[in-house]
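All remarks here apply to the structure that follows.
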Amino acid sequence: MVDLFLNRVLIENNWDQDELNTEREITGILENRIVMLFFASAECEKCLEFVPVLNDFFKRLKDPAYIEYPKLLALIYISLDQSEEKQENFLKELHKKVLFLAFEDPYRKELQTMFKVKDVPTIVVLRPDGSVLSPNAVRDICRFGCDCFQNWQESAELVERSFMLNEEFDNLNLRSATDPVRRLKYKTEDDKRKKRWWKLWGKGKDGNEEEKDGAWDTKRNEGDNNTWRIR
C-alpha cells in the first residue's frame, strides 16, 4: 500500500494544505492501514449527495470526538474534476483529515485506469498490502455505515495497534506490527529463566532444596529487626 504512493505528494485537506512528500511521512500515514480511494467529481450530483454520508462515516472512525482510538483508516480523494477550481470547491465539502493528490498530478488518471474506475462516486478499498478489498464500497457505506470497517478489518487481518502509533506524524514511532507479540514472547522467556535461576539458587550443595528454603526462612526471621537495603 505504501509503495502505491511513494515518490508522490499527498496533501492534507486542512487550512494549510500541508504536503506529505517524504518516505517517512507517507509510511506513517498509510502503513498498516485500510485505504479508501475516493474517485469523484464536483460535477457529479451523486457525488455531492454522497459526501455528507462519507464525512459522517469517516468522522466516526477517525475523529477523537467520536472514538477514543482512531481506526487504522486513510481516505484519499482522487479528483476527476475538470478544473482545479472545481476540485478546490469539492475539497471544501470533505473532512479535514482527507488526503488528496494535486490537480496537476497525472497520477490521478493512472489510478483511475489501474483500478478500472468508470463511474463516480467510487470508493476502492485497499488492504494494507495494496490488494483490492472492495472495488466500490459506496453502497455498503450507505447501507451498513461504520460496521463496514469491522468487516474490512477482519477480511484484511488488520493488526490493531492504535496504542503503539501516534496519529500525529511529526513524532512517529514506527514499530513493527509484531512488536507486542515479540515483547510478550521475550517477557515469557525471561520469566522462565528467572524461575530456573531461582530454583538453582535455592538448592543446597547437596541438592536439598527444602533445607535451603528452611535456612532462608530462619535468616529472614532473624533479620526482621534489621534494615534491609537494596544496592
*If you take all heavy atoms of Thr27 and Glu23, which pair is closest and at what distance?*
OG1-O, 2.7 Å
*Return the set of residues passing side chain to side chain contact (heavy atoms under 4.5 Å, CB included) with Glu19 (not counting sequence neighbours), or none when no residue passes.*
Val9, Ile11, Asn21
*Pairs meeting criterion side-chain hydrogen bond (donor to acceptor under 3.5 Å, both in side chains) with involvement of residues 102-115, two or more places apart*: Arg8-Asp105
*With respect to Cys47, which candidate in Val120, Val138, Leu80 satisfies the side-chain contact (heavy atoms from CB on, under 4.5 Å) definition?*
Val120
_Test side chain to side chain contact (heavy atoms under 4.5 Å, CB included) applied to Leu30 and Leu4, step by step_ = CA-CA 10 Å; Leu30 297 183; Leu4 194 64; over 6 Å; no
*asked:* Whether the side chain of Asn13 engages the backbone of Leu99 through a donor-acceptor N/O pair (distance < 3.5 Å, no angle test) should be reported.
replied: no
_Quick check on side-chain contact (heavy atoms from CB on, under 4.5 Å): which of Leu133, Leu126, Ile141 does Met36 satisfy it with?_
Ile141
*Working to the nearest 0.5 Å, report the span between CG of Leu75 and CD1 of Ile123.*
6.5 Å
*Are more than 12 heavy atoms from other residues, nucleotides or ligands located less than 6.0 Å from atom CD of Gln150?*
no
*asked:* Could you see if Ile78 belongs to whatever hydrophobic cluster contains Leu6? Use Ile, Leu, Val, Met, Phe, Trp, Tyr and a side-chain cutoff under 4.5 Å.
replied: yes
*Non-hydrogen atoms of Ala42 and Phe90 that approach each other most closely*: CA-CD1, 3.6 Å
Using a 3.5 Å cut-off and no angle test, enumerate the donor-acceptor pairs between side-chain atoms of residues 51-60 and protein atoms at least two apart in sequence or in another chain.
unit_1	atom_1	unit_2	atom_2	d
Asn55	OD1	His95	N	3.0
Asn55	ND2	Glu93	O	2.6
Asp56	OD1	Arg60	NE	3.1
Asp56	OD2	Arg60	NE	3.2

*For the residue pair Trp152 and Ala137, what are the closest heavy atoms and their distance?*
CZ2-CB, 3.7 Å
_To check you understand the geometry: which heavy-atom pair defines the closest contact between Leu73 and Leu61, and what is its length?_
CD2-CD1, 3.7 Å
*Main-chain N/O of Pro128 paired to Asn32 side chain as donor or acceptor, under 3.5 Å*: no
*Can you measure from CZ (Arg24) to CD (Glu31) and round to the nearest 0.5 angstrom?*
11.0 Å
*Mind checking whether Val2 and Leu101 sit in one hydrophobic cluster, side chains of I, L, V, M, F, W, Y counted as touching below 4.5 Å?*
yes
*Looking only at non-hydrogen atoms, find the nearest pair between Ile34 and Phe149 and report the distance.*
CD1-CE1, 4.1 Å
*Is any side-chain heavy atom of Glu12 closer than 4.5 Å to a side-chain heavy atom of Phe100?*
no
*Which pairs, with at least one residue in residues 119-129 and sequence neighbours excluded, count as a salt bridge (Lys or Arg N to Asp or Glu O under 4.0 Å)?*
none
*Does the side chain of Asn14 pick up a donor-acceptor pair with the side chain of Asp18 at under 3.5 Å?*
yes
_Heavy-atom neighbours of Lys96 NZ exceed 12 at 6.0 Å_ = yes
*So if you build clusters from Ile, Leu, Val, Met, Phe, Trp, Tyr with side-chain heavy-atom gaps below 4.5 Å, do Tyr69 and Tyr66 land together?*
no
_Sequence-distant partners of Thr122, side chain to side chain contact (heavy atoms under 4.5 Å, CB included), two or more places apart_ = Phe39, Val117, Val124, Asn136
*Going by heavy atoms in the side chains, are Leu10 and Phe5 under 4.5 Å from each other?*
yes
*Mark yes when over 12 heavy atoms from residues, nucleotides or ligands other than Asn7 sit less than 6.0 Å from its CG; otherwise mark no.*
no
*asked:* For Ala74 versus Ile29, what's the shortest heavy-atom pair and its separation?
replied: CB-O, 4.1 Å
*Can you list every side-chain hydrogen bond (donor to acceptor under 3.5 Å, both in side chains) pair that touches residues 75-87, not counting sequence neighbours?*
Ser41-Asp81, Glu43-Lys86, Tyr77-Asp81, Ser79-Asp81, Ser79-Gln87
*Which value, rounded to the nearest 0.5 Å, describes the distance between Ser134 atom OG and Arg139 atom CZ?*
11.5 Å
*Is Met114 reachable from Ile26 through a run of I, L, V, M, F, W or Y residues, each pair having side-chain heavy atoms under 4.5 Å apart?*
yes
